[in-house]
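Whatever order the structure lists them in is the order used to number ligands and atoms, beginning at 1.
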Amino acid sequence: MTTPPLLQPTSVTLSVISATAVLFIITFIYLNHRHRHRHRHRHLYRLPIVGHLHHILLSRAPPHQTLAHISAVHGPLLRLQLGQVPTVLLSSPGLARLALKSPLDHHLSSRPRLLSSHHLSFSSSDITFSPSGPYWRQARRLCLSHLLSPHQLPRFHHLRLQQLHRMISGLAAAAAAAGGGGGGGYEREAVRDGERRAVRGGVRGEVFGGGGGRLAGVLEETQRLFGGSAWGISFRGWSGASGGLEREEDFLDVLLRVQMTGDLEVPITDDNVKALVLDMFVAGTDTTATTLEWAMTELMRHPTILAKAQAEVRSMVTTSNTTTPQVSDLHHLKYMKAIIKETLRLHPPAPLLVPRESISECTIEGFKIPPKTRVLINAYAIGRDPETWPEPLEFKPERFEGNENIDVKGNEFDLIPFGGGRRGCPGYSFGLATIEIALAKLLCHFDWSLVDGVKPEDVDMSEIFGLATRKKVPLVLVPSVNKEFEWKGEA
Ligand code: HEM
């Protein structure tokens, strides 16, 4: 009887062990890779104390662009530590839909307490920065029902037109002074000033001192510092101070009236009144003016689109037998409205909306958000999402033709320049109405050209992040009066 050589079983055992080891290593590498891939969005290089802040601070690009880039690499749902502030960044339409709709919207509907808003908005007692609660709800309701609801729009058309016509007259005069052709290159300031006046007119500019100069100065400083901290004036007694003239009650009158009735869930102080009035100017002026400036910028870079838009507006004016675009006819301007949507898609004035803060613990896509977490929603990244928008970086208003239902008002989450949910912008109809009539008139009455030597492709497109994200290099255009559609000073 022969004994099997001892080596044989050992060799088989070794082979089995080696095969098992190889299999184990492969499985380990695979699982590890899968884990890292799945959780890649949760891991971004972080430093002690500053957390992820250095990614934003050291970047040359504005924060929304940097964050869009980070999300493109690490995923649309990111947990960031910005200094001491735990933050969640959401950068896809699907996540925006979850965050801005019930039930999550409620959990995410407060605002963080920012030092700037505390000092500049009278202890954050405006609408934009006040924390969620009875004061904010009451203030928002008051503002919507007496100033900003679509229902209130017609009340302020005459004021909007009055201020807009000042702007058009100014442009026409400058064009004429330059020999009937090109005028001064001051479109940006004219547009910005016109918008400010339109909004001011809607609120009640006169009480701030009559002429536009003082208010304009105050607003400029407010935009810069985000507030005028030294207002010690009491508003009491201003209500009804119209020199005995009959006039319609305006927003300030309403605030002062309800302040005095005492019939309020939360009493309103004088400082609250100031904060609310200031809020209407700060939230409503630069956002609107900046959108117009970006719209004109994109039109100048795309002369065929500009020509098509002008043909549409001028044909409407001819058909309706008027000499200037009328508010009541604006619904005909489908292409121009598509241009405004496309502008808001590529250049949302508030690209990260206004920061939110979670009220209570909630979960988004299985990801836990503790209370008091800051939530940023990147509307800029969402508007350029390649899975939603073919050729996302191209300015193509045609993408909305036949898709008029895609709205910008916070009901569709592919496009959220006005945010959405219970903290969504209450001024969207006011803002859109102002942009539409202003753009229609600019397109109708003037032909536009770039200043000498600047080619459409050379127009600078860089942005400055701020309260509203403006063009870094102001747009300078030369208006010339179009003889056939000359502005005749009519309403
Ligand atoms: C093109 C014009 C405008 C744009 C793009 C815009 C955009 C926005 C955005 C993104 C928010 C934050 C929304 C969110 O957190 O979900 C907001 C809030 C707000 N906007 Fe506008 N806005 C515009 C015009 C206006 C106008 C004309 C007014 C008023 C005169 C206004 C008043 C407000 C107020 C009061 C809030 C704070 C709402 C709250 O926190 O409850 N906005 N806006």
Problem - Mode of Phe129 contact toward ligand 1 - side chain, backbone, both, neither (heavy atoms, under 4.0 Å) - result: neither
Exercise for the section: Would you check if the distance from the ring center of His146 to the ring center of Phe251 is below 6.0 Å? Expected result: no
Problem - N or O contact, Asp279 vs ligand 1, cut-off under 3.5 Å - result: no
Practice task
Work out whether the distance between some heavy atom of Ile435 and some atom of ligand 1 is less than 4.0 Å.
Solution key: yes
Handout entry: Shortest heavy-atom approach to atom 33 (C) of ligand 1 - which of Cys143, Pro426, Ser429
Key = Pro426
Practice task
Decide, yes or no, whether a salt bridge links Lys471 with Glu463 under the criterion of side-chain N to carboxylate O below 4.0 Å.
Solution key: no
Problem - Those atoms of ligand 1 less than 4.0 Å from some heavy atom in Arg140 - result: 38 (C), 39 (C), 41 (O)
Handout entry: ligand 1 versus Thr291: contacting region, heavy-atom distance under 4.0 Å
Key = side chain
Exercise for the section: May I ask you to list the atoms of ligand 1 that are less than 4.0 angstrom from any heavy atom of Met280? Expected result: 30 (C), 35 (C)
Practice task
Decide whether Asn272 and Gln259 meet the rule of one side-chain donor and one side-chain acceptor closer than 3.5 Å.
Solution key: no
Problem - Contact (N/O only, under 3.5 Å) between Arg422 and ligand 1 - result: no
Exercise for the section: Check Arg399, Arg384, Lys337, Lys396 against Glu342 for a salt bridge (Lys or Arg N to Asp or Glu O under 4.0 Å) and give me the one that passes. Expected result: Arg399
Problem - ligand 1 to Gly420 polar contact by distance, N or O atoms, under 3.5 Å - result: yes
Fill in the blank from the handout: If we number the atoms of ligand 1 from 1 as shown, the ones under 4.0 Å from a heavy atom of Pro417 are 5 (C), 7 (C), 10 (C)
Handout entry: Option with minimal heavy-atom separation from atom 21 (Fe) of ligand 1, where the choices are Ser130, Cys425, Gly431
Key = Cys425
Practice task
Identify the two heavy atoms, one from Asp407 and one from Asn411, that lie closest to each other, and give their separation to 0.1 Å.
Solution key: OD2-ND2, 2.8 Å
Handout entry: Charged N-O contact under 4.0 Å between Glu293 and Arg470
Key = no
Practice task
Please say whether Thr287 places an N or O atom under 3.5 Å from an N or O atom belonging to ligand 1.
Solution key: no
Exercise for the section: Could you list which atoms of ligand 1 come closer than 4.0 Å to a heavy atom of Leu148? Expected result: 29 (C), 30 (C)
Problem - Heavy-atom pair of closest approach, residues Ser130 and Arg111 - result: O-CG, 3.8 Å
Problem - Pro76 versus Leu95, closest heavy-atom pair with distance - result: O-CD1, 3.3 Å
Problem - Gln81 side-chain N/O to Thr87 backbone N/O, donor-acceptor pair under 3.5 Å - result: no
Practice task
Go through the steps to decide whether Glu401 and Lys334 satisfy the test side chain to side chain contact (heavy atoms under 4.5 Å, CB included), and finish with yes or no.
Solution key: CA-CA 8 Å; Glu401 277 188 321; Lys334 300 226 167 4; over 6 Å; no
Problem - ligand 1 atoms in contact with Pro349 (distance to a heavy atom under 4.0 Å) - result: 5 (C)
Hey, can you pull the donor-acceptor pairs under 3.5 Å for the side chains in residues 303-310, sequence neighbours left out?
| residue | atom | partner | partner atom | Å |
| --- | --- | --- | --- | --- |
| Lys308 | NZ | Glu398 | OE2 | 3.4 |
| Gln310 | NE2 | Leu443 | O | 3.1 |
| Gln310 | NE2 | Phe446 | O | 2.9 |

Handout entry: Region of Leu147 that comes within reach of ligand 1 [heavy atoms, distance under 4.0 Å]
Key = neither
Problem - salt bridge (Lys or Arg N to Asp or Glu O under 4.0 Å) pairs, two or more places apart, involving residues 409-434 - result: Asp105-Arg422
Handout entry: Side chain, backbone, both or neither: the part of Asp126 lying under 4.0 Å from ligand 1 by heavy atom
Key = neither
Handout entry: Numbering as shown, the atoms of ligand 1 that approach Arg356 to under 4.0 Å (heavy-atom distance)
Key = 14 (C), 15 (O), 16 (O)
Fill in the blank from the handout: Counting from 1 in the order shown, the ligand 1 atoms closer than 4.0 Å to a non-hydrogen atom of Ala350 are 10 (C)
Exercise for the section: Decide whether an N or O pair under 3.5 Å exists between Thr288 and ligand 1. Expected result: no
Practice task
Could you list which atoms of ligand 1 come closer than 4.0 Å to a heavy atom of Gly284?
Solution key: 25 (C), 26 (C), 27 (C), 28 (C)
